[in-house]
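This report refers to the structure that appears directly beneath it.
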Amino acid sequence: MLDIKYYRQHLDEVAKRLLQRGVTLDTELIQQLESQRKQLQIETQSLQNLRTQRSKAIGQAKAQGQDIQPLLDDVENLGEQLKQKKHELDQRLQALQTIYASLPNLAHESVPIGKDETDNQKIRQWSEPKHWSFTVKDHVELGDGLLDFASAVKITGARFVVLKGQLARLHRALIQFMLDLHTEQHGYTELYVPYIVNQHSLYGTGQLPKFKSDLFEVSNDFYLIPTAEVPMTNLFRDEIVSEEQLPLKRVAHTPCFRREAGASGKDTRGMIRQHQFEKVELVQWVKPETSYQALEELTFHAETVLQKLELPYRVMSLCCGDLGFSAAKTYDLEVWLPGEKNYREISSCSNFEAFQARRMQARFRHHNDKKTIELLHTLNGSGLAVGRTLLAVMENYQDEQGKIAVPQVLQSYMGGQTVIDSSTA
RNA sequence: GGAGAGGUGGCUGAGUGGUCGAAAGCGGCGGUCUUGAAAACCGUUGAGGGUGUGAGCCCUCCCAGGGUUCGAAUCCCUGCUUCUCCGCCA
């Protein structure tokens, strides 16, 4: 959410910038609601003030043994009036809150203008797709025997997978490798977090109220996490940290659960788009003036995983129209998939500025001026999506016989094994 | 799952219907003293919001959400949560 005061004072500018993101703001309605709100709030508060004064007078009179009946008669209607005003005020406040909470973040000035993913801007590219002297297979063919979709359908349903043998181990090796890299070389502290969260947490990071249909609801007020961003970022909900603690950097590996409600028919082959997948997530809490530098660093931390795995990728700056709800700026890392002959998203690194922090009241106290409390800026990025990394490794490390070489950095996590052969694994 | 006791400011903890946003202590910040520091002493010290150019004035918040009352930290209901005991359990 944006600063309410900012909405009030710069409504036209906000409307203009939201339009870049494809969101039309009914400024007239907002202005109308705001002016009603202002009037009702003043009236309500003055009634509350009156009530307090009268109640105190009654208390005093009673303490002195005076007859309080005349005073009670005097306040007879006050409660009813107050109730009425409060109700009217609440209606306006709720209407405004509903509008404000459903509005996305404003894009940073450096974000490319555009409507959809075709307008995303390529920032850089690392390495080149390999040239193959044989017909490459995709991960579904390569994983024959180890990548078991049929069993998953039987156990659960579509968009799940069972991994077996050396492939399951490679999957686990990737997780260990990523966690070790980020904790040992990039300064992140590892976390283990709940995979089920309440609605307050989902509101804080921006999944609720707008994107409920993307989530698996376990029971009333319990949801499976769609990303570790939710439990991690909410660690500092309603907290005031001291400036010296910043930047805070955390990493966690969790499964992620997504309904993929809007994706029916899309990416149905293989394990590109699953209801359950593993992700290693990077989260940072930083001072506002450093958040864009932090975004570059965090993106580089994610890129490092791909570089060490020697997987060709490119970095895309998402345009206004393709930006996620809470993000002010996002870099997507797209890995080369020979089986698809295409780059596919494998990490998304975003600066949310104060958008999430405001929703969750995550703040810091200035070191020099202890009275000053300011909202933090939050960032996160996948470092990386494990399922997609696994299939990227499979497709990029295949040979003519359909065997998969184990990337060098993973070999120590695989007991020294250098090749996965699905016919023997 | 059963029984009992709790949840108050950064922390400890008092407050069981009236001028309480809340005693006291600790901690923090500023000062006096000191060559410096400590000690001692003095002062100060929660958050969110409304309104106003401003000084200020005002509202809300004592786990959360409802309720009773002229008035609620205090009484009632629901939920969450912590601790102790019992049961069950990876």
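All heavy atoms count here, side chains included; hydrogens, waters and symmetry mates do not. So that the names make sense, note that chain A is the first sequence line, chain B the second, and so on, each numbered from 1.
Electrostatic pairing of A:R37 and A:E34 counts as a salt bridge here, judged by a charged N lying under 4.0 Å from a carboxylate O. The pair A:R258-A:E260 fails the salt-bridge criterion, with no side-chain N (NZ, NE, NH1 or NH2) lying under 4.0 Å from an Asp/Glu carboxylate O.
The outermost nucleotides of RNA chain B lying under 4.0 Å from heavy atoms of chain A, listed 5' to 3', are B:rG18 to B:rG71.
Mapping A:L78 and A:R37 onto RNA chain B by nearest heavy atom places A:R37 closer to the 5' end of the strand. Between A:K5 and A:L50, it is A:K5 whose nearest contact on RNA chain B lies nearer the 5' terminus.
No cation-pi contact links A:R172 to A:Y413, judged by a cut-off of 6.0 Å to the six-membered ring centre and 45° from its axis.
The separation of B:rG15 from B:rU74, taken at their P atoms, amounts to 15 Å, rounded to a whole angstrom. With P as the reference atom, B:rU44 and B:rA22 are 14 Å apart, rounded to whole Å. B:rG17 and B:rG13 are spaced 23 Å apart, taking the P atom of each and rounding to whole Å. Going from the C1' atom of B:rA55 to that of B:rG67 covers 41 Å, rounded to whole Å. Between B:rG7 and B:rG56, the distance separating the two C1' atoms is 37 Å to the nearest Å. B:rC42 and B:rC26 have their P atoms separated by 11 Å, given to the nearest Å.
A:I4 comes within 4.0 angstrom of nothing in the nucleic acid, heavy atoms only.
Of the inter-residue distances, the one linking A:Y397 atom OH with A:L311 atom CG reads 5.5 Å to the nearest 0.5 angstrom.
Listed by first and then second residue, the salt bridge (charged side-chain N to carboxylate O under 4.0 Å, His left out) pairs that reach into residues 234-252 of chain A are A:E243-A:K287, sequence neighbours excluded.
With sequence neighbours excluded, no residue satisfies side chain to side chain donor-acceptor pair (under 3.5 Å) with A:Q81.
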